[in-house]
Amino acid sequence: RLRKWQERIRTKDAGERNLQFALSEIDRMASALGVPRSVREVASVIYRRALKEDLIRGRSIEGVATSALYASCRKEGIPRSLEEISEVSRVERKEIGRTYRYISQELGLEMKPVDPKKYVPRFCSELELSEEVQSKANEIIETTAEKGLLSGKSPTGYAAAAIYAASLLCNEKKTQREVADVAQVTEVTIRNRYQEQIEAMGIHN
Amino acid sequence: MTDPKETINIENVVASTGIGQELDLQSVAMDLEGADYDPEQFPGLVYRTQDPKSAALIFRSGKIVCTGAKSTDDVHESLHIVFDKLRDLSIQVEEEPEIVVQNIVTSADLGRQLNLNAIAIGLGLENIEYEPEQFPGLVYRLDEPEVVALLFGSGKLVITGGKQPEDAEHAVDKIVSRLEELGLLE
DNA sequence: ACGTTACTTTCAAAAGC
DNA sequence: GCTTTAAAAAGTAACGT
């Protein structure tokens, strides 16, 4: 009996330590990403729910913690791409993505696809672009998405192309390289999305 | 307008069977030309047929998996070629081993561009998976037939998980009527 | 800025780690 | 869960020229 009691304490302690580790990891990554406390709190709730639903079995604590943070950023409307998330996690991008899809399904998070416009303020401020460029980029995203151009495209690449186009239209030109670097996409992607967008917008330039 | 069902094309058929005899893969690998066998990497021996084009995975137990065929007839033809190759090596093979189709991969075209964002909401976020940051297709799991469909912005789709060619037709019918009642087609 | 190759997703079976 | 096989869809990425 004493052995069972000790084992219970041991498991309880281990579980407690694991939870503490997960939450401190969420905190560390959230700080590195510079997201508000509300995002960490939502991430913590998602992690605890995943723990309660026993979704961590067969997966790494770090992977679930990172995925919870990724989901939280999206839920709070300040998404970070898997690329950005993986830079502050020791879990690789592919694993974060698949773990995220798993907990999202199992917990019924009903995540809506990321709206590219959500990336505009942050990317533009990193590029030191004006409000005018941001508005123009949002307009391009809004208009072209309505015409069906968004289907299947990555939100970061889509936002990057619109920002690039807007910077040209507002005479605050940034190079494809500069925009590509902050959005973590290739120049090729920006070029492709840019061509489709300006054509759909009826811009000649 | 073209019936999407007419655009259905079988892209891959996976089937399993067995010769009812254990095999020494090491010796089969020596005698069978073009055989790839690396037990450290994978327990099955890989043998490719040219016509019909396919790849067979032959196991120590005598069980065989065939993939890559473009029709159920082709998968049977490919496996018979494998059976004869083994017989050439004086290996006893049942006269007509049972061949079970395990999966059929199909492609089709709805003929219209799709707004995947609207479809994701329409079909219900809890019923689909759509993560364009990770993959451009929207994943839609059907209960009847029990298959998985990948829908793309172009209107093209992939249906997999079916065991009969008809599964793809039924799936396309259901998807078309679902999208039509949601007003998301055309 | 091309082109090529390759990776992402879905599915199923096999034997074994 | 992983390993291997094949195939399509479309987007993205990483090479080389």
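All values below were derived from every heavy atom in this structure, side-chain atoms included, with hydrogens, water molecules and symmetry-related copies excluded. In what follows, every chain begins at residue 1, and chains take the letters A, B, ... in the order their sequences are listed.
- Residue A/T186 places at least one side-chain N or O under 4.0 Å from the OP1 or OP2 atom of D/dA13.
- Within 4.0 Å (heavy atoms only), B/T106 reaches no atom of the nucleic acid at all.
- Going from atom OH of A/Y100 over to atom C1' of C/dT9 covers 15 Å, rounded to whole Å.
- Protein atom CD of A/E187 is 13 Å distant from nucleotide atom P of C/dC2, rounded to whole Å.
- A/R57 comes within contact range of no nucleotide atom at all, as no heavy-atom separation falls under 4.0 Å.
- One finds a side-chain N or O of B/K53 lying less than 4.0 angstrom from the OP1 or OP2 phosphate oxygen of D/dA7.
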**Request:** Evaluate the side chain to side chain donor-acceptor pair (under 3.5 Å) criterion for residues B/S177 and B/E181: first the C-alpha distance (whole Å), next the side-chain angles of each, then the deciding distance (0.1 Å), finally the verdict.
**Result:** CA-CA 6 Å; B/S177 51; B/E181 68 188 35; 5.5 Å; no
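- Inspection of the A/S86 and A/S89 side chains reveals no N or O donor paired with an N or O acceptor under 3.5 Å.
- Position along DNA chain D of the nearest nucleotide to B/L57 versus B/F135 favours B/L57 as the more 5'-ward residue.
- In this structure, A/G58 reaches neither bases nor backbone, as no heavy-atom distance under 4.0 Å exists between it and the strands shown.
- Using a 4.0 Å heavy-atom distance criterion, A/R191 is classed as a sugar-phosphate-only contact.
- Residues B/Q134 and B/P43 both approach DNA chain C. Their nearest nucleotides, taken by heavy-atom distance, put B/Q134 toward the 5′ side.
- Heavy atoms of B/V148 sit under 4.0 angstrom from primed sugar atoms or phosphate atoms, though from no base atom.
- Residue B/Q102 contributes atom CD, which lies 19 Å from atom P of D/dA7 at whole-angstrom precision.
- In this model, the phosphate group of D/dA9 is not approached by any side-chain N or O of B/S107 to a distance below 4.0 Å at OP1 or OP2.
- Of the candidate nucleotides C/dA13, D/dA14, C/dA14, C/dA14 has the atom nearest to the side chain of B/F59.
- In this structure, a donor-acceptor pair under 3.5 Å is present between the side chains of A/Y158 and A/T144.
- A side-chain donor from one of A/Y70 and A/R74 sits under 3.5 Å from a side-chain acceptor of the other.
- Checked against C/dA14, D/dA10, D/dA6, the side chain of B/V65 finds its nearest nucleotide in C/dA14.
- In terms of phosphate contacts, A/K94 brings a side-chain nitrogen or oxygen within less than 4.0 Å of OP1 or OP2 of C/dT8.
- Contacts of A/E83 with the nucleic acid, taken as non-hydrogen atoms under 4.0 Å apart, are absent.
- Residue contacts for B/S154: at a heavy-atom cut-off of 4.0 Å it reaches the sugar-phosphate backbone alone, with no base atom in range.
- The aromatic rings of B/F83 and B/H80 sit perpendicular to each other, their planes meeting at more than 60°, with 30° as the lower class boundary.
- Separating the P atom of D/dG1 from that of C/dT10 is a span of 11 Å, rounded to the nearest Å.
- You'll find the side chain of B/K85 reaches within 4.5 Å of the side chain of B/Y47, heavy atoms only.
- Taking the nucleotide of DNA chain D with the nearest heavy atom to each of A/T189 and B/D36, the more 5' of the two is matched to B/D36.
- Straight-line distance between the C1' atoms of C/dA15 and D/dA7: roughly 24 Å, to the nearest whole Å.
- When rounded to the nearest whole Å, the span between CZ of B/F152 and P of C/dT8 equals 15 Å.
- Each of B/E146 and A/R98 has a nearest nucleotide on DNA chain C; the 5'-most of these lies closest to A/R98.
- Within the nucleic acid shown, A/V185 comes within 4.0 Å of sugar-phosphate atoms alone, with no base atom in reach, counting heavy atoms only.
- Following rounding to the nearest Å, B/E11 (CD) and C/dA12 (C1') show an atom-to-atom distance of 17 Å.
- Of the P atoms belonging to C/dT9 and D/dC2, the separation is 10 Å, rounded to the nearest Å.
- Look at CG on A/N192: it is 13 Å from C1' on C/dG3, rounded to the nearest Å.
- Applying the 4.0 Å criterion to OP1 and OP2 of C/dT10, one finds that A/R101 has a side-chain N or O inside that range.
- A donor-acceptor contact closer than 3.5 angstrom links the side chains of B/E11 and B/S107.
- Taking atom P in both D/dT5 and C/dA6, one finds a spacing of 13 Å when rounded to whole Å.
- Across D/dT12, D/dA6, C/dT10, the shortest atom-to-atom separation from the side chain of B/V158 is found for C/dT10.
- Base contact: B/T160 has a heavy atom under 4.0 Å from a base atom.
- Among the nucleotides C/dA14, D/dA7, C/dT10, the one closest to any side-chain atom of B/V105 is D/dA7.
- If you measure from atom CD1 of B/I8 to atom C1' of D/dA9, you get 15 Å, rounded to the nearest angstrom.
- Atom OH in B/Y37 sits about 13 Å away from atom C1' in C/dA14, given to the nearest Å.
- Atom P of C/dC7 sits at a distance of 11 Å from the matching atom of D/dT4, rounded to the whole Å.
- The side chain of B/N103 lies closest to C/dC11 when the candidates are C/dC11, C/dT10, D/dA10.
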**Request:** Decide side chain to side chain donor-acceptor pair (under 3.5 Å) for B/S54 and B/T49; before the verdict, give the C-alpha distance in whole Å, the side-chain angles of both, and the deciding distance to 0.1 Å.
**Result:** CA-CA 5 Å; B/S54 74; B/T49 61; 2.6 Å; yes
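- Here the side chain of B/S16 is nearest to one of D/dT12, D/dA6, C/dA13, namely C/dA13.
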